Every structure is written in structure tokens, then in C-alpha cells.
Amino acid sequence: MFGETEYTTVTLPERGSVPATLVDRLAAVPGVDRAVGDRFLAVTAVSAPDVPATGHGWASAALAPYRTVAGTPPRSDGEIAVDARLLTGTGLAPGDTTEIITGGTGRTYRISGVVQADGAGASSGAALFFTDAHAARLDPRPGRFDAIGILAAPEADRSALLAGVREVTDEAEATAYIGDERGLTEQPEARTARDFTLQAGAAFGGYAAMIIVFVVTGTVGLSVRHRRRDLALLRAIAATPGQVRRMLLGEVGLLTLLAAVVGVPLGLFATGWIRDELVTRQFVPDGFTVRGGLLSGAAVTVAVAAVALASGWIAARRTTRIRPTEALGEAAVEW
């Protein structure tokens, strides 16, 4: 308003895509054994409607990798190979037919085989595979892939391979993902969930830090003021300021460790509960995981201990500056 322009960055849920011609260019990079184009087709198995699934061309089964545990790969447009999780509790097996909804249309396919990927958990989506030609016809973006996977040759130089791949992708204005970042190409919604949790966590973490600073500082300061006469007596019997400060900091440190013993397990439990609630309310996808565990508990303990010790040092500093002669007057009791 009033002539001002505001800009907001919004992460869209739609996947990006790359031209199919990029597959051949990446396959020509030294050290690349195979470059495989992958399509992500929105599908629903009528026999297991509650299991999230995506459709792919059979060639991309090598990327997970998926292995055939029963039957054979699909060889015609009317056949599919399905993830074992899609058949759990359905009574279906290779040779049976099932209905798959994709692109708003239901089609009947024969199950040619069952596939399984090592390490695929219940939280990750299931997959089913069409023939490559049929998947291309079902894809609403012909001539493009959602992602391209690279399979390195056994004796390839990793650094040289990555440099060659990045050179090709930079020329094509595409993005190369390696390591754990590869999950963002399979589940781009995880990026939005990650940004949301980081922003929400930073907001609540900031409030918690402010509360800790004010509450701990005020509590420690009040405790020191209530014990001013006792501390003054220690100064009167030749206790040095450093000794008094170390005593106060030791007390604060012991209380911090006691709080960590109680708070860290409760915090870890609350973290898991909050994650489940976010999934239930569809703020984050089912496959979203929270990492940290004991390491995050140790980090929080160190942070709280630093705040508490700093608060204790500030509160004790004024008291320990009192001179022994003044301490005698502080310790005097009125009759």
C-alpha cells in the first residue's frame, strides 16, 4: 500500500522437470555407467487406497534399487510390477488383475511381478512400475523427466564424476543433488516441511530462550539477595570473592544437571509427540523424520547451563564485591 512493493517467496508443491535429451548427455560423462530418467506419476491402487504410491517406468527400478521378489518385470502396456507394500492384506499375487487410477482414469492391469527395495520403511511411499513406453504415454509432460539418476561405474573417480555431472547440469540450468539431498528430488514436499519446522522451531526456540534468560537470571538473583547476610559472613571470615563466586556457580551447575536429567527425556518424548501431531494434522508428510536424539539433548543442556552460569555469575558479582568490614555490618542482626 501507499506505493510500496512487497515480495514473498512461496515454495510450490509441483515438481520440476528436465528435458529427456539430458539423459544422453549425462550418460556420456566419464565414469557414468548409466543415466536413467525417472517419472513420478500420481497413482492410486484401488485395492490399497490408503497406501501412498507413485508410478514409474521400469528402467528407474534400478535407482532405489528395487529387486524382483516374485514374478517378472512388466513387458506390455497392460502389466505392472508393484511394491510388496501395495499387496499387503489384499490377497493379490502375480497373475491377478487390479485397478490403478492415474490421471483421473481407472485402468485394469495384470500384476506381472512384485518388487521390494532394501531399507524402504513404512513411512516412505510405495512404488509401482509400468513399462517405460507406457509410463511415457501416461506422463502429462511428454519429452521430459522428473529426475535423472546417475549410476557410477565401479572404478569411477568420484570427484571427476561429480565435476563432469555438475558441468552438464549447469549448462542445462538443472540442479544436481548428491548424498542425503537426493531425497528432495523424490519427495520435494519434504523441503516445504523442513522449512516450516525450522521456522516454527526457531520461533518457539526464541521464546523459550527468552523465558530461560529472564526466569533463570531473576531466580538466581533473588536467591543470592536472600542469602546476602550468609555471603557477607563468608566474606567477613576471609572468604575470597572468587571462592564465593565458585560456590554459587557450583550450586547453579548442580541444579542444571538435575534439570537436564529430568528435562532431556521429557523433551525427547515431547519431540516425538509433536512430530506425530504435525503428521496427523498434515503439516508435514508421513516420511518426515526428526533427528538429533541424545546429541540434541546434550546441546540443549550445554545452552541452558551456559545461560544459568552466566546468570549466577552476574548475580554473584555484586555480592562478592563487598568488603570484609562492610560484610560485618551486613551480617549484624537488629535487636
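The structure presented is a predicted model; accordingly, all values stated were derived computationally and were not measured.
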According to side chain to side chain contact (heavy atoms under 4.5 Å, CB included), who are the partners of E251, at least two apart in sequence or on a separate chain? R227, M247, L248

Do you know which two heavy atoms are closest between A147 and F40, and how far apart they sit? CB-CE1, 4.1 Å

Looking at residues at least two apart in the chain, or sitting in another chain, which of them share a side chain to side chain donor-acceptor pair (under 3.5 Å) with R107? none

Quick one: pull up CD1 in I150 and CG in L26 and give me the separation to the nearest 0.5 Å. 4.5 Å

Does anything in residues 22-39 form a side-chain hydrogen bond (donor to acceptor under 3.5 Å, both in side chains)? List the pairs, not counting sequence neighbours. R25-E171, D38-H56, D38-S60, R39-D139

R246: which residues meet the salt bridge (Lys or Arg N to Asp or Glu O under 4.0 Å) condition with it, sequence neighbours left out? none

Can you get from L63 to V82 by hopping between Ile, Leu, Val, Met, Phe, Trp and Tyr side chains that sit under 4.5 Å apart? no

Mind checking side chain to side chain contact (heavy atoms under 4.5 Å, CB included) for A70 and listing every partner two or more places apart, or none if nothing turns up? P94, V114

From T301 OG1 over to L257 CG, what is the distance, rounded to the nearest 0.5 angstrom? 8.0 Å

Distance check, rounded to the nearest 0.5 Å: I100 atom CD1 versus T105 atom OG1? 13.0 Å

For L22 and A174 the tightest heavy-atom approach is CD2-CB, 4.4 Å

Set of residues satisfying side chain to side chain donor-acceptor pair (under 3.5 Å) with respect to R166, sequence neighbours excluded: none

OH (Y177) and OG1 (T169) are apart, to the nearest 0.5 Å, by 10.5 Å

With sequence neighbours excluded, residues passing side chain to side chain contact (heavy atoms under 4.5 Å, CB included) with L249: L309, W313

Partner set under salt bridge (Lys or Arg N to Asp or Glu O under 4.0 Å) for D96, not counting sequence neighbours: none

Do the side chains of V115 and W58 get nearer than 4.5 Å, heavy atoms only? yes

Check whether any side-chain heavy atom of L92 sits under 4.5 Å from a side-chain heavy atom of T97, and report yes or no. no

If we only count heavy atoms from C-beta on, is the I111 to T98 side-chain gap below 4.5 Å? yes

So, T54 side chain and A42 main chain: donor-acceptor pair closer than 3.5 Å or not? no

Verify the cluster assignment for V168 and V18: are they in a single hydrophobic cluster under the rule of side-chain heavy atoms below 4.5 Å apart? yes

Taking salt bridge (Lys or Arg N to Asp or Glu O under 4.0 Å) as the test, write out the residues that go with R158, two or more places apart. none

CZ of R110 to CD1 of I80, rounded to nearest 0.5 Å, is 10.5 Å

Would you kindly confirm whether V43 and V51 end up in one hydrophobic cluster when ILVMFWY residues are joined by side chain heavy atoms under 4.5 Å apart? yes

Of all heavy-atom pairs between P49 and V46, which one has the smallest distance, and what is that distance? CD-O, 3.3 Å

Can you list everything that forms a side chain to side chain donor-acceptor pair (under 3.5 Å) with R75? Sequence neighbours excluded, please. T72

Testing the basics here: between L41 and A135, what is the closest heavy-atom pair and its distance to 0.1 Å? CD1-O, 3.9 Å

Applying ring-ring contact (aromatic ring centres under 6.0 Å, His included), can you list everything that pairs with Y109, at least two apart in sequence or on another chain? F130, H134

Show the nearest heavy-atom pair for residues R141 and S17, with the distance to one decimal. NH1-CB, 3.6 Å

same_hphob_cluster(L138, L128) at 4.5 Å side-chain heavy-atom cutoff: yes

Between L87 and T90, which heavy-atom pair has the shortest distance, and what is it? O-OG1, 2.8 Å

List in chain and number order the residues that pass side chain to side chain donor-acceptor pair (under 3.5 Å) with E277, two or more places apart in sequence or in another chain; answer none if no residue qualifies. R281

